Structure formats: structure tokens, C-alpha cells
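Reading through the C-alpha cells given below for one structure.
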Amino acid sequence: MTDLFLPATVRTQSAIVRLRHRVASHVRQAWAERSDETGIDEAVTKMIWLAVGIGVAVAATAFFIGVFNTAQSNVPDPVAPIP
């Protein structure tokens, strides 16, 4: 088994290591670009993100209340069994 699958396993492991290294370098580069906020006023940016977050929360709440009310209206009223 080891003689048969060893080359494929080595190639697969090497490819995974190269992919992880490439992804990690892209993540590091993106993080460095994101952390460089020269020229951007942080207070305004934070307020915009706060407004977006509140809008998403209100939309999600309205959606879940609508789903709950629809499910609640689909439940039949309990009826006592006839003796």
C-alpha cells in the first residue's frame, strides 16, 4: 500500500502546503492593506459601519418576526377529542 500511494500522497501534501503558503501570503498582504487607513477618517467610517449593522439587524428582525408569525398562523387550534 505504501509503495502504491506514497507518490500520490507526497504530491498532494506538497500541493496543499504550497496552497496554504500562497493563501497565507495573500491574507497577510490584504491585512496590511486594510490596516493602512491613511486619509480615511475613522469616526466617519465607524459610524457608517454602525448604521449598516443596525440596518441589517432591523431587516433580520423583521424577517424573523414575519417567519414566526407565518408559522404561528399555520398551527391549527387545538380541538378537544369527542368522547
Side-chain angles (χ1 to χ4, degrees):
M1 179 179 137
T2 58
D3 293 337
L4 181 63
F5 291 117
L6 184 62
T9 304
V10 170
R11 282 192 300 268
T12 304
Q13 184 66 24
S14 298
I16 289 172
V17 168
R18 283 193 306 270
L19 180 66
R20 283 183 184 170
H21 180 68
R22 194 175 333 144
V23 168
S25 67
H26 287 307
V27 168
R28 273 190 246 111
Q29 180 183 2
W31 185 261
E33 290 174 1
R34 171 67 182 102
S35 65
D36 181 28
E37 293 182 347
T38 56
I40 297 176
D41 186 17
E42 289 186 24
V44 174
T45 305
K46 288 179 183 176
M47 291 300 288
I48 291 171
W49 281 113
L50 181 63
V52 168
I54 290 172
V56 168
V58 168
T61 302
F63 173 75
F64 287 123
I65 287 175
V67 168
F68 177 77
N69 287 339
T70 302
Q72 188 178 16
S73 67
N74 289 337
V75 174
D77 292 332
V79 178
I82 299 173

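Just so it is clear, the structure is predicted and the values come from calculations on it, not from any experiment.
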Quick one: CD on Q72 to CG on N74, what's the gap to the nearest 0.5 Å? 10.0 Å
Hydrophobic clusters here meaning ILVMFWY residues chained together by side-chain heavy-atom distances under 4.5 Å, can you tell me if I65 and V56 are in one? no
Note: T70 and S73 closest approach over all heavy atoms is O-OG, 2.9 Å
For V67, the other hydrophobic cluster members (4.5 Å side-chain criterion, sorted by chain and number) are F63, F64
